[in-house]
Amino acid sequence: MTLLSPAGSRESLIAAVQNGADAVYLGGSAFNARRFAGNFSEEELLWAVDYCHARGVAVNVTFNTLLFDKELAAALSYGRFLYEAGVDAAIVQDLGLVRMLRSELPGLVLHASTQMGISDLEGAHVVRDMGLSRVVLAREVQLKAVREICAGAGIEVEVFAHGAMCMSTSGACLFSSMAGERSGNRGTCAQPCRKRMAVGKRPGPSDYALSLSDLCMLSHVRELADAGVSCIKLEGRMKRPEYVAAATRAYRAALDGAEERELVRLQEELFSVFNRGGERTGYYYGDGGITDCVAKAEPEEELLRELRATYAADTRKQPVSVAAELLPGEPARISLSCGGISVKVEGETVQLAEKPQNAERYAAQLQKFGATPFCVESFALTMPENAFLPIGKVNELRRKACDALLARLCVRERAAETLHVPEPVRKSDGSGQIMARVRTVEQAEAAFKAGAQEVLLSPVDYEDETAPLALQKYRDKAKLLLSLPASILSRAEHARVAALLHSGLFDGAEANNLGQIPMIRHLPVRIAGNTLNALNALSVEQLLSLGVQRVVLSQELTKPQMRDILIKTGGAVTVYGRAEMMQLRHCPVRERQGCQNCTGIAGTLVDEAGRVFPLSNVRQEEGCLIRVLNCSVTDITDLYGTLPSVDAALLSFYEESPETVAQCVENARRAAAGAAVKPVADATRGHWARAVD
């Protein structure tokens with residue numbers, strides 16, 4: 001199991017390498033999910049690759065933001081740069097980017113970012129089949145599920161072992177985006193979750209209901225290894241180099257089998273540099289987190305000096321095997337072997353000595369690797385007593401060999417001369433279906449009667465067949481679909497959902513996670529929901545190629561951006577509903593009040609400005625999934641008719657009355673027919689005219 005450390009700057013990268021990281025992950029100047037980290041220019045990134053590869057450390061580059069269509073050409077150019085720079089892998093989220101890179105740069109190794117939200121074996125298989133070689137699992141996955149995924153994924157599995165925990169499922173958070181146009185999916189998250197917020201009331205000075213404790217698996221590294229994990233990852237590209245040094249050397253020690261007493265000392269040292277919530281194990285053993293956590297980072301200067309000293313000198317060396325031949329009348333030869341790579345160079349012709357030579361003296365010179373990133377693991381010298389070579393030439397031979405080995409370790413690649421952004425093939429039917437996503441039988445009946453052609457049932461409990469049975473009488477006039485939640489974690493919950501999908505009670509389903517697409521392939525109607533983050537036409541095409549028939553576009557798109565996709569591939573547009581701002585596996589209500597056995601409405605969160613965010617729960621086998629809904633309803637029903645023809649208009653309902661459902665569906669029908677309608681009172685337009693950064 002390898003150790004992957006963060007590198008938000010040059011100094012942090014050096015700190016990680018010198019303290020024992022097997023690999024580092026870093027971001028370039030664009031297209032990475034930590035755009036406010038120091039990051040690396042192209043020149044700096046080339047230096048980073050050479051520095052790391054010379055010391056046997058891999059470099060993974062974060063290429064993990066969602067992309068707009070207009071950015072695809074620049075992203076392809078950047079992908080070429082990464083490939084030709086010789087990076088070991090690019091970490092990706094955008095499905096369109098994956099499609100493009102697999103087509104144009106098949107030699108570039110891709111890892112599925114945790115931003116993809118992969119939380120089950122089915123999702124791991126989807127990314128494997130798309131050509132990715134590693135999956136970084138969602139942080140919410142329990143250890144027993146990690147074990148199952150590792151056993152059956154068919155690709156490498158990487159997990160987080162230490163650092164900050166997003167309160168929401170990664171890739172499924174729109175809070176920063178909706179609150180201030182800074183998208184977590186595009187690397188500019190403003191972290192509104194770390195601000196004061198309380199359950200059911202205005203927050204006081206110590207209320208941080210969405211500020212989740214950090215993860216610390218330092219005492220459980222062996223369990224992760226035993227589960228089959230290929231790589232453990234330390235969070236922290238926004239943190240100081242001393243933190244990177246402390247975290248890396250602590251986990252290096254754990255991986256190397258340090259005694260418990262030493263690990264306790266290293267953990268205390270690490271927590272002194274930065275700590276939020278103490279020693280917590282996240283979701284690995286069930287929900288082990290707490291909220292109301294404020295970060296503490298007040299290290300003493302003496303500790304910082306000690307940590308800086310761990311990477312002040314270049315002590316990271318790669319062991320090499322050295323074999324030299326000094327034979328009179330022949331060129332001096334030396335070969336170096338390191339990590340499966342060998343080089344052999346020749347120097348000046350060896351002369352006949354006037355007197356016997358001391359081979360030990362030559363051996364000492366040939367092993368002086370000094371300031372190079374190499375140390376001698378084994379050495380052999382073939383040299384008779386009558387061989388002579390000036391010491392200066394001996395040193396020159398050694399330096400020439402080192403240079404040749406470095407060149408092999410830091411090899412650059414060459415991409416095809418011409419690369420093209422693939423042109424999507426239009427697959428739109430432009431039928432303009434009215435889809436209503438509802439929670440209750442009463443809402444569903446109102447939607448059917450008002451003329452919705454498809455009603456998507458998003459039940460509180462996927463084991464209960466009462467609602468779909470009650471709605472069978474409407475299926476001769478319209479379609480009944482099952483809407484799946486943003487994540488399904490346990491195998492028991494998978495079985496419950498699969499039973500509903502195979503019950504014959506539904507005409508189709510809406511997948512909201514990549515792992516759910518294989519689950520719905522047998523159904524006549526197959527939809528990719530908006531949590532699958534289709535932000536460009538290539539993402540839509542990639543989802544269609546996976547087996548869905550229709551894709552609901554991301555809610556982070558403006559009107560022009562939606563228009564560009566609709567013209568190329570078609571898609572469905574969300575025209576009404578509270579945006580699902582976050583998807584929580586840690587229930588703030590349960591933490592403060594105990595489980596309330598909620599049945600769809602789980603309370604509210606209130607921020608410092610007094611804005612109220614409803615909580616809507618989905619009951620699952622290992623605890624509820626809690627959706628934090630926006631404080632305002634988004635309504636563009638009156639505007640979407642100005643878009644090119646859409647495959648469907650989606651209206652999403654939570655706490656609305658059946659009367660409101662009926663009125664909204666009727667408004668959508670009238671707007672589709674060209675009639676003028678008015679948005680609901682106090683509605684927001686979402687991102688219709690507000691582009692995200």
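Everything quoted here is computed from the prediction, not taken from an experiment.
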Output, in order, the C-alpha distance, side-chain angles, deciding distance and verdict of salt bridge (Lys or Arg N to Asp or Glu O under 4.0 Å) for Arg147 and Asp226.
CA-CA 8 Å; Arg147 188 176 297 110; Asp226 291 343; over 6 Å; no
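- Across every non-hydrogen atom of Ser119 and Asn513, the tightest pair is OG-ND2, 4.2 Å.
- A search for salt bridge (charged side-chain N to carboxylate O under 4.0 Å, His left out) contacts involving Asp464 returns nothing, not counting sequence neighbours.
- When side chains are defined from C-beta on, Met167 counts as touching Thr291, because their heavy atoms get closer than 4.5 Å.
- Annotation: the span from Gln433 atom CD to Ile527 atom CD1 amounts to 9.0 Å, rounded to 0.5 Å.
- Note that OG of Ser113 is 6.0 Å distant from CD of Gln93, once rounded to the nearest 0.5 Å.
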Determine, stepwise, if the pair His586 / Glu591 fulfils side chain to side chain donor-acceptor pair (under 3.5 Å).
CA-CA 8 Å; His586 179 90; Glu591 181 180 359; 2.7 Å; yes
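- The heavy-atom pair separating Ala16 from Thr248 by the smallest distance is O-CG2, 3.5 Å.
- Heavy-atom minimum distance, Tyr284 versus Val141: CD2-O, 3.9 Å.
- Tyr285 and His220 have their aromatic ring centers within a separation under 6.0 angstrom.
- Formation of a donor-acceptor pair under 3.5 Å by the Arg439 side chain with backbone atoms of Pro459 is found in this model.
- Of the possible polar contacts, one joining the Arg194 side chain to the Leu212 backbone as a donor-acceptor pair under 3.5 Å is found.
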Do Asp214 and Arg280 pass the side-chain contact (heavy atoms from CB on, under 4.5 Å) test, and can you show the C-alpha distance, the side-chain angles, and the key distance before you say yes or no?
CA-CA 7 Å; Asp214 282 5; Arg280 303 281 170 177; over 6 Å; no
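- Between the Glu541 side chain and the Thr569 main chain, no donor and acceptor come within less than 3.5 Å of each other.
- Looking only at atom types and distance, the side chain of Arg437 has a donor-acceptor partner in the side chain of Ser652 under 3.5 Å away.
- Considering only heavy atoms from C-beta on, Pro422 stays 4.5 Å or farther from Arg99 through its side chain.
- With Asp287 contributing its side chain and Gly289 its backbone, the two residues share a donor-acceptor pair below 3.5 Å.
- With sequence neighbours left out, Asn536 forms a side-chain hydrogen bond (donor to acceptor under 3.5 Å, both in side chains) with Asp94, Ser539.
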Show, in sequence, the C-alpha distance, side-chain angles and deciding distance for Glu156 and Val135, and conclude whether the side-chain contact (heavy atoms from CB on, under 4.5 Å) test is met.
CA-CA 6 Å; Glu156 295 178 351; Val135 57; over 6 Å; no
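- Using a 4.0 Å cut-off between charged side-chain N and carboxylate O, Asp507 and Lys479 make no salt bridge.
- Of the possible polar contacts, one joining the Asn617 side chain to the Gly600 backbone as a donor-acceptor pair under 3.5 Å is found.
- In this structure, the separation between CG on Leu97 and CG on Asn64 is 10.0 Å, given to the nearest 0.5 Å.
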Hey, mind stepping through Leu535 and Leu557 against side-chain contact (heavy atoms from CB on, under 4.5 Å) and telling me if it holds?
CA-CA 7 Å; Leu535 210 71; Leu557 293 165; 3.7 Å; yes
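- Considering only heavy atoms from C-beta on, Gln549 stays 4.5 Å or farther from Leu544 through its side chain.
- Cys193 contributes atom SG, which lies 8.0 Å from atom CZ of Phe175 (distance to the nearest 0.5 angstrom).
- Contact detail for Arg80 and Leu105: the closest heavy-atom pair is N-CD1, 3.4 Å.
- Considering only residues two or more places apart in sequence or on other chains, Tyr78 meets the ring-ring contact (aromatic ring centres under 6.0 Å, His included) condition with Phe63, Phe81.
- A donor-acceptor pair under 3.5 Å is absent between the side-chain atoms of Arg237 and the main chain of Ala7, judged by distance alone.
- Glu493 and Ser490 form no side-chain donor-acceptor contact under 3.5 Å, judged by distance and modelled atom types alone.
- Two residues are said to be in side-chain contact when any heavy atoms from C-beta on lie closer than 4.5 Å; Leu538 and Leu67 fail this criterion.
- At least one side-chain heavy atom of Leu501 sits under 4.5 Å from a side-chain heavy atom of Leu523.
- Between Thr65 and Arg186, the shortest heavy-atom distance links the atoms CG2-C, 3.5 Å.
- Residues in residues 101-111 take part in no side-chain hydrogen bond (donor to acceptor under 3.5 Å, both in side chains) pair, two or more places apart or across chains.
- His687 pairs by the side-chain hydrogen bond (donor to acceptor under 3.5 Å, both in side chains) definition with Ser177, not counting sequence neighbours.
- The side-chain contact (heavy atoms from CB on, under 4.5 Å) search around Asn512 returns Ser483, Glu510, Gln516, Asn530, Thr531, not counting sequence neighbours.
- Side-chain atoms of Asn533 come within 3.5 Å of backbone N or O of Gly171 as a donor-acceptor pair.
- Between Asp120 and Arg491 no salt bridge is recorded (no basic side-chain N to carboxylate O distance below 4.0 Å).
- In summary, the side chains of Arg139 and Ser170 do present a donor paired with an acceptor at a separation below 3.5 Å, with no hydrogens or angles considered.
- The shortest distance between side-chain heavy atoms of Leu4 and Ile232 does not fall below 4.5 Å.
- Between the side chains of Glu279 and Ser219, a donor-acceptor pair is found at a separation under 3.5 Å.
- Under the 3.5 Å distance criterion, the side-chain polar atoms of Ser503 are matched with a main-chain donor or acceptor of Leu505.
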Go through it in stages, so that I can follow the logic: the residues are Ile91 and Val61, the test is side-chain contact (heavy atoms from CB on, under 4.5 Å), and I'd like the CA-CA distance, side-chain angles, deciding distance and then a yes or no.
CA-CA 6 Å; Ile91 306 167; Val61 176; over 6 Å; no
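- Across Cys293 and Ser211, no two heavy atoms sit closer than the pair O-OG, 2.7 Å.
- Residues Glu140 and Arg585 are not paired through a salt bridge, judged by the lack of any N-O separation under 4.0 Å between the basic side chain and the carboxylate.
- A donor-acceptor pair is defined here as one N or O able to donate and one able to accept, closer than 3.5 Å; such a pair exists between the side chain of Tyr251 and the backbone of Leu218.
- Within the 3.5 Å criterion, the main-chain N or O of Gly152 finds a donor-acceptor partner in the side chain of His125.
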Under the side chain to side chain donor-acceptor pair (under 3.5 Å) criterion, do Ser183 and Glu556 qualify, and how do the steps go?
CA-CA 8 Å; Ser183 171; Glu556 294 194 279; 2.7 Å; yes
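- Separating the OG1 atom in Thr634 from the CE atom in Met178 is a distance of 5.0 Å, to the nearest 0.5 Å.
- Cation-pi check for Arg496 over Tyr462 is not met; the charged atom does not lie both under 6.0 angstrom from the ring centroid and within 45 degrees of its normal.
- Ion pair Lys70/Asp564 not flagged as a salt bridge, since none of the NZ, NE, NH1 or NH2 atoms sits closer than 4.0 Å to an Asp/Glu carboxylate oxygen.
- A salt bridge between Arg550 and Glu454 is present, with a side-chain N of the basic residue lying under 4.0 Å from a carboxylate O of the acidic one.
- In summary, Glu622 and Lys144 engage in a salt bridge, as defined by a charged side-chain N under 4.0 Å from a carboxylate O.
- Expressed to the nearest 0.5 Å, how far CG of Leu210 lies from SG of Cys166 amounts to 12.0 Å.
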